[in-house]
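Keep in mind the model is a prediction, meaning the values are calculated, not measured. First the proteins, then the strands, lettered A, B, ... as listed; each starts at 1.
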Number of protein chains: 2
Amino acid sequence: MATINDVAKRANVGRGTVSRVINNEPFVSEETRKKVLKAIEELNYHPSSFARGLASQNSYTIGVIMDNTMDKVYANPFIYEVFRGVEKSVYEGGYNLLLLGKNTYQNGKLAVERVLQGKMVDGLILQEQIIDSEYFKNIEQYNIPIVSIGKLENRDDISWIDIDNHMAGYMAAEYLYSRGYKKIAFEGVELEKIFARERYEGYKEFIGSKGLSVMEANELLQNIEGVICLDNIYAYKILQRCKKINKKVPEEIGIITFDNYPLAEYLQPSVTNIEIDLFQLGLCAGSEMLNKLRNRNCEVNRIRIPVSVNIRETTR
Amino acid sequence: MATINDVAKRANVGRGTVSRVINNEPFVSEETRKKVLKAIEELNYHPSSFARGLASQNSYTIGVIMDNTMDKVYANPFIYEVFRGVEKSVYEGGYNLLLLGKNTYQNGKLAVERVLQGKMVDGLILQEQIIDSEYFKNIEQYNIPIVSIGKLENRDDISWIDIDNHMAGYMAAEYLYSRGYKKIAFEGVELEKIFARERYEGYKEFIGSKGLSVMEANELLQNIEGVICLDNIYAYKILQRCKKINKKVPEEIGIITFDNYPLAEYLQPSVTNIEIDLFQLGLCAGSEMLNKLRNRNCEVNRIRIPVSVNIRETTR
DNA sequence: TAGATGATTGGGAGCGGTTCCAACTCTAAC
DNA sequence: GTTAGAGTTGGAACCGCTCCCAATCATCTA
């Protein structure tokens, strides 16, 4: 396996020059650069990440933390899609991705701490649930860039990426309205969850703008023409109720939800939903991290991923 | 941040001795070991993974490849659960986990190759779909241990871990039979898929052992008392048919499936299934890799993860 | 033509570990 | 008392890169 010295010798230049070429630094003449590139090609040379890491104190690796506190992923079947996006942007930016569990231990210590202490990652991507905990304070000390997947409320020093939940709530209401459903309720007002609150706010905004009134879905769905459900589970419960009281979907009542469970499109009726681009979310989280890494004092960003309506069978 | 020299100085020993203690090597007196451990503790010392990697040519990192050829994870919502298992066992074994996409590029080359060439991983865990392809031949050259998640048919030199699909098929039939369903069909005989074939074989074995005959689910489900479905989607289609022809589930017909989609338990009726422990699968894949890493010429293993019946509403 | 300036270039000195060999200590045997 | 051998120990050499300084070269100015 060729080293930087082999390349230097073959190209008839110094080690420093090769290093400059590899790292795309200025102050190398075009002629020299070509010679070096040629030698690299011929020797099929690839820099050792360890030597590089050791010398530069950079790992060129980003850590992503998965929340493994829950028993089953089934509680959050969506996160993998986000990771796919993170993976893609991180690698394409020339970095690598270390996957870490929140609660994983290594030699009796939290694995994250080991990784941080061993300087194995230059930055950390984590989910908003993790921040603000005791756990997070630990991490923060290491003073590396952090990006959160999910909005942060009490920290204006950390960049985050999230779905545009407000818009999602607004659009859900707007879509139902545009299909002729006027009396629209929101099901699943779990105000302790940020995303739920935001979606609810978006819904309220639209409702207000039309002079309608905010509603929750009552037991018999009396006087309700449309329901916005926080997730598929709520949607299916509403569907059950409709069946029980013999209310026709989508003729008499329209239903829309936000998430899109793996099985959802095969079910009957399939539920119209606000489509959330989780892959895009991951992609952005990755680029934002690269951003921070390349420019340490870039500003804190809050990024919102737009959403769209995915029309299925529960709306006319 | 303390280095090995600081520790050596503080403990009043040589660098080599500290190294021996860190790596748990023999030939260190108990007394010295204690001194060193104390110094390590006091200085909060953690070896640099780069220095270590550079000197020892070991990365203490395992790569896991995710299949990102499909557009959406929705096609395989289960793999994240497997990764959770891999992650856990790998870290607890003192290794780290690098997450890699199959088709991700880095500087115009496949990321996997870059990682392999940069010697960033000591071993690779991948899914069976990846093996046997042109792609895989590339990987194989690097001559590091490989473990496959999913049975391998044409390679007896690579260890793999899989669900006990044969047993799953057998148990599905057995369970239906035990609940009084005798005429049992198998829906979703996708013989090109290994796992489908194996489940089908298991089903046939049980059916044969009772002197019953193998069936497929006909359009009107005539003469059928139980259906084993390859996955939830098949199950829901069968359920639709039952509704159409007014056949009562679970009274007149029993339905069982193999997978367990995130939403499945909330649906009505929820489908009885053979429960597959994907986390365990990942756990085993990780340990098997550690095995190989610690003992290079250990034998090739084929490991089967047992399954169980998860009773829900489509069987009486 | 000398001197100044800026663009290139070479290579020594680390980075923080592991490996290995020589040296030292301590018994046990002769 | 000497010697052999096993158990310990220290530290030089090295892993393959980056960083930085000094040296060289080309160009421009007075």
Side-chain angles (χ1 to χ4, degrees), chain A residues 1-37 39-40 43-61 94-96 114-120 122 293-294, chain B residues 1-37 39-40 43-61 94 96 114-120 122 293:
Chain A
M1 185 137 279
T3 73
I4 200 172
N5 283 311
D6 302 330
V7 175
K9 223 167 281 173
R10 178 161 197 129
N12 213 6
V13 299
R15 215 168 49 250
T17 304
V18 178
S19 176
R20 266 166 237 132
V21 172
I22 298 173
N23 295 296
N24 249 314
E25 282 168 24
F27 302 125
V28 181
S29 72
E30 211 38 55
E31 191 189 6
T32 310
R33 187 180 299 274
K34 277 208 184 98
K35 267 198 310 191
V36 172
L37 253 20
I40 288 179
L43 293 172
N44 192 25
Y45 164 75
H46 292 274
S48 144
S49 24
F50 296 118
R52 209 176 218 193
L54 183 56
S56 71
Q57 303 291 0
N58 270 139
S59 65
Y60 295 98
T61 298
Y95 278 71
N96 306 299
R114 278 242 128 67
V115 163
L116 254 18
Q117 281 162 335
K119 291 193 180 163
M120 296 200 60
D122 296 342
L293 252 18
R294 298 202 238 265
Chain B
M1 184 138 282
T3 74
I4 200 171
N5 282 310
D6 302 330
V7 176
K9 224 167 280 170
R10 179 161 197 128
N12 213 7
V13 299
R15 219 167 44 248
T17 303
V18 177
S19 175
R20 265 167 238 131
V21 172
I22 297 173
N23 295 296
N24 247 313
E25 282 169 25
F27 304 126
V28 182
S29 71
E30 210 36 56
E31 191 190 4
T32 310
R33 188 181 299 275
K34 279 209 183 96
K35 266 198 312 191
V36 172
L37 253 20
I40 288 179
L43 293 172
N44 192 24
Y45 163 75
H46 292 274
S48 144
S49 24
F50 296 118
R52 211 175 216 193
L54 182 57
S56 71
Q57 305 289 0
N58 271 138
S59 65
Y60 297 97
T61 297
N96 306 298
R114 278 244 129 68
V115 164
L116 254 17
Q117 280 163 335
K119 291 195 179 159
M120 296 200 61
D122 296 342
L293 252 19

Of the nucleotides C/dT19, C/dG17, D/dT18, which one has an atom closest to the side chain of A/S56?
-> D/dT18
More than 12 foreign heavy atoms under 6.0 Å from NZ of B/K35: is that the case here?
-> yes
Across the strands shown, which category fits A/N12 at heavy-atom distances under 4.0 angstrom: base, sugar-phosphate, nothing?
-> sugar-phosphate
Spacing between A/E25 atom CD and D/dC20 atom P, to the nearest angstrom = 10 Å
C/dG17 phosphate, OP1 or OP2, under 4.0 Å from B/S48 side-chain N/O | no
Could you tell me whether A/V28 contacts a base, only the sugar-phosphate backbone, or nothing, with contacts defined as non-hydrogen atoms closer than 4.0 Å?
-> sugar-phosphate
In whole Å, what is the span from the NZ atom of B/K9 to the P atom of D/dT9?
-> 20 Å
Candidate nucleotides D/dT18, D/dT9, C/dT9, ranked by approach to the side chain of A/S19 - the nearest = D/dT18
Within the side chain of A/D122, is there an N or O that forms a donor-acceptor pair under 3.5 Å with the backbone of A/S59?
-> yes
So which nucleotide from D/dT18, D/dG16, D/dC17 ends up closest to the side chain of A/N23?
-> D/dT18
DNA chain C: 5'-proximal contact among B/T3 and A/S29 (nearest heavy atom) = A/S29
Quick one: does A/R15 reach the base of D/dT18 with a side-chain donor-acceptor pair under 3.5 Å?
-> yes
Distance-only, no hydrogens or angles: does the A/S19 side chain make a donor-acceptor pair with backbone N or O of A/R15 under 3.5 Å?
-> no
Would you check if B/M120 and A/T61 make a side-chain contact, meaning some heavy-atom pair closer than 4.5 Å?
-> yes
Under a 4.5 Å cut-off applied to non-hydrogen side-chain atoms, are B/N96 and A/R114 in contact?
-> no
side-chain contact (heavy atoms from CB on, under 4.5 Å) test vs A/V18 passes for just one of A/N23, A/I4, A/L37, A/D6, namely A/I4
Euclidean distance, atom CZ of residue B/F27 to atom P of C/dT25 [Å, nearest integer] | 19 Å
Listed nucleotide nearest any side-chain atom of A/Y45, set C/dG17, D/dG10, D/dC17 | D/dC17
Given C/dG16, C/dT18, C/dT9, the nucleotide with the shortest approach to the side chain of A/T32 = C/dT9
Mapping B/R33 and B/K119 to their closest nucleotides on DNA chain D, which lands nearer the 5' end?
-> B/R33
CE of B/M120 versus P of D/dG16: gap in Å, rounded?
-> 16 Å
Whole-Å distance separating the CD atom of A/E31 from the P atom of C/dT8 | 11 Å
Round to the nearest Å and state the distance from B/R20 atom CZ to C/dT19 atom C1'.
-> 9 Å
Can you check the A/Q57 CD to D/dC17 C1' distance for me, whole Å?
-> 12 Å
From CG of B/N24 across to C1' of C/dT18 the rounded distance in Å is 15 Å
Side chain of A/A55: nearest nucleotide among D/dG16, D/dG10, C/dG16?
-> D/dG16
Among D/dG10, C/dG17, D/dT18, the nucleotide that comes nearest once only the side chain of B/R52 is considered | C/dG17
